[in-house]
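Reading through the C-alpha cells given below for one structure.
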Amino acid sequence: MNSKLSETSPVPKRPGRPSVDRREEILEAARSLYETIGFEKTTVGDVAKVLGMSPANLYRSFPNRQAIDEAIAARMLSLIEDRAWREARTVRPAGMGLAALSRAVLEETQMRMFSQQRIHHLCAVAAREQWPVVQAYLDSLRGALRHVIMEGQRSGEFAKSDPEILAETVCAALTKVWHPQMVEAYSGDDLADTSDRICRILVEGLRSVK
C-alpha cells in the first residue's frame, strides 16, 4: 500500500484571510461607489455585491467598514505626500523650494480631495474626526518641510537652528492652506495667494532665526 499522500489530495485551508488577497479590488469598488452614490449611503453589502462576494468574505480582508474608509483616505493622501516629497527633493534655492512645496500640497489637496463632491465628504470626515491616517499624513508633510529646511541650512540660505522645531512651526503656519479641514472651510478664498504670502514671511524668518 502506498503510504504517500496522493498529489491530488486537497490541502486543508487555513482559517482567516483568503488565499487571494482582494483588498485592492475591495478598495476600488468602495471608492467607485462613494463617487457614484455617496460615502454615507454606501454599505458593506453594496461593496460585496459589486464584487460578487458575501459580506463575510469581505470582512476577511477588512475587519470593519472603518478600516475600508481609512484605507481609501490613506491612498488619496499618499498621492499628495508623493507630490510633496518630489517638490522637497528638487534641487533649487530653499526659499523657492518652500513656496513650491506649499503650493503643491495645496493644489493636490484641492484636486484630490475636493474636486469630486461625493467622495470628498469621506476626506472631510477623516480630517474633522482626526483619523490616524490624517495625522500620519501631516507627519509626512512635516518631514518634507524638515528636508527643505535642512537643505537651506546646509547651503547657508537659512540660519542654523533645530530643524525639527522649525518644521513644526512652519507646518503650523501653513495650516490654513494644508490641512484638509481648513482648505475646505476657506475654499472661497484665494488660497494660492495666501500660500505665497505666508511662505515669503516664513522664508524671511528662516533666514534670520536664532
Side-chain angles (χ1 to χ4, degrees), residues 13-86 102-144 171-172 174-192 194-195:
K13 291 184 178 180
R14 286 183 172 182
R17 292 175 65 86
S19 57
V20 177
D21 192 342
R22 302 189 67 180
R23 288 173 61 89
E24 287 302 313
E25 288 181 73
I26 293 168
L27 292 178
E28 185 56 33
R31 184 194 62 78
S32 179
L33 285 170
Y34 291 176
E35 291 176 357
T36 304
I37 64 175
F39 156 62
E40 292 182 321
K41 291 182 179 180
T42 301
T43 67
V44 170
D46 293 331
V47 178
K49 185 176 180 180
V50 166
L51 296 171
M53 62 194 301
S54 68
N57 280 334
L58 186 149
Y59 284 130
R60 286 184 162 192
S61 294
F62 292 95
N64 50 47
R65 164 66 185 271
Q66 179 72 17
I68 296 174
D69 294 343
E70 290 194 12
I72 292 174
R75 193 160 67 170
M76 294 179 67
L77 292 171
S78 71
L79 298 173
I80 305 174
E81 290 178 52
D82 290 345
R83 171 84 184 276
W85 277 99
R86 285 198 301 273
S102 181
R103 272 282 198 117
V105 172
L106 171 62
E107 289 169 2
E108 288 290 321
T109 300
Q110 291 171 322
M111 179 176 67
R112 303 286 181 185
M113 300 181 69
F114 301 110
S115 60
Q116 296 165 318
Q117 289 302 308
R118 287 187 181 275
I119 198 170
H120 107 273
H121 186 54
L122 167 64
C123 302
V125 170
R128 188 162 53 246
E129 297 182 357
Q130 300 181 359
W131 292 1
V133 293
V134 174
Q135 187 56 55
Y137 159 75
L138 293 173
D139 287 344
S140 180
L141 294 188
R142 272 193 292 274
C171 192
L174 292 170
T175 296
K176 182 177 179 178
V177 295
W178 275 20
H179 195 287
Q181 191 174 358
M182 297 293 281
V183 172
E184 180 186 33
Y186 290 96
S187 60
D189 292 2
D190 185 349
L191 291 179
T194 301
S195 175

### Task
Name all residues meeting the side chain to side chain donor-acceptor pair (under 3.5 Å) criterion together with Thr194; count only those two or more places apart in sequence or in a different chain, and write none if there are none.
Arg197
### Query
What pairs meet the salt bridge (Lys or Arg N to Asp or Glu O under 4.0 Å) rule with one or both residues in residues 64-76, with sequence neighbours excluded?
Glu24-Arg75, Glu28-Arg75, Arg65-Asp69
### Non-neighbouring partners of Tyr34 that pass ring pair (Phe, Tyr, Trp, His ring centres under 6.0 Å), sequence neighbours left out
Phe39
### Over all atoms of both residues, closest heavy-atom pair of Arg103 and Ser195
N-OG, 3.8 Å
### Task
To the nearest 0.5 angstrom, please state how far the OG1 atom of Thr175 sits from the CG atom of Leu138.
8.0 Å
### Query
Rounded to the nearest 0.5 Å, how far apart are CZ of Arg60 and CZ of Arg22?
12.0 Å
### Task
Considering non-hydrogen atoms only, spot the tightest contact between Trp85 and Ser140 and give its length.
NE1-OG, 3.2 Å
### Query
Taking all atoms of both residues into account, what is the closest heavy-atom pair of Tyr137 and Thr109, and its distance?
OH-OG1, 3.6 Å
### Summary
residues 39-55 vs salt bridge (Lys or Arg N to Asp or Glu O under 4.0 Å), sequence neighbours excluded, gives none
### Task
Please collect all salt bridge (Lys or Arg N to Asp or Glu O under 4.0 Å) contacts where either partner lies in residues 174-187, sequence neighbours excluded, each pair once.
Lys176-Asp189
#### Entry: Over all atoms of both residues, closest heavy-atom pair of His179 and Ala127
CE1-CB, 3.8 Å
### Task
Quick one: closest heavy-atom pair of Leu191 and Val183, and the distance?
CD1-O, 4.0 Å
### Message
Using 0.5 Å steps for rounding, measure from the CZ atom of Phe62 to the CZ atom of Arg23.
### Response
4.0 Å
### Message
Show, in sequence, the C-alpha distance, side-chain angles and deciding distance for Trp131 and Val125, and conclude whether the side chain to side chain contact (heavy atoms under 4.5 Å, CB included) test is met.
### Response
CA-CA 8 Å; Trp131 292 1; Val125 170; 3.8 Å; yes
### Query
So how far is it from Ile80 CD1 to Leu141 CG, rounded to the nearest 0.5 Å?
8.0 Å
### Leu122 and Ile72, any side-chain heavy atoms less than 4.5 Å apart
yes
### Task
Any chance you could measure Gln110, atom CD, to Glu107, atom CD, to the nearest 0.5 Å?
7.5 Å
### Message
Tell me the closest heavy-atom pair linking Ala29 and Val50, and the distance in Å.
### Response
CB-CG1, 4.2 Å
### Summary
Taken in chain and number order and not counting sequence neighbours, the residues that satisfy salt bridge (charged side-chain N to carboxylate O under 4.0 Å, His left out) with Asp139 are Arg142
## Note on the structure
Between the CD1 atom in Ile68 and the CG atom in Leu58, the distance rounded to the nearest 0.5 Å is 4.5 Å
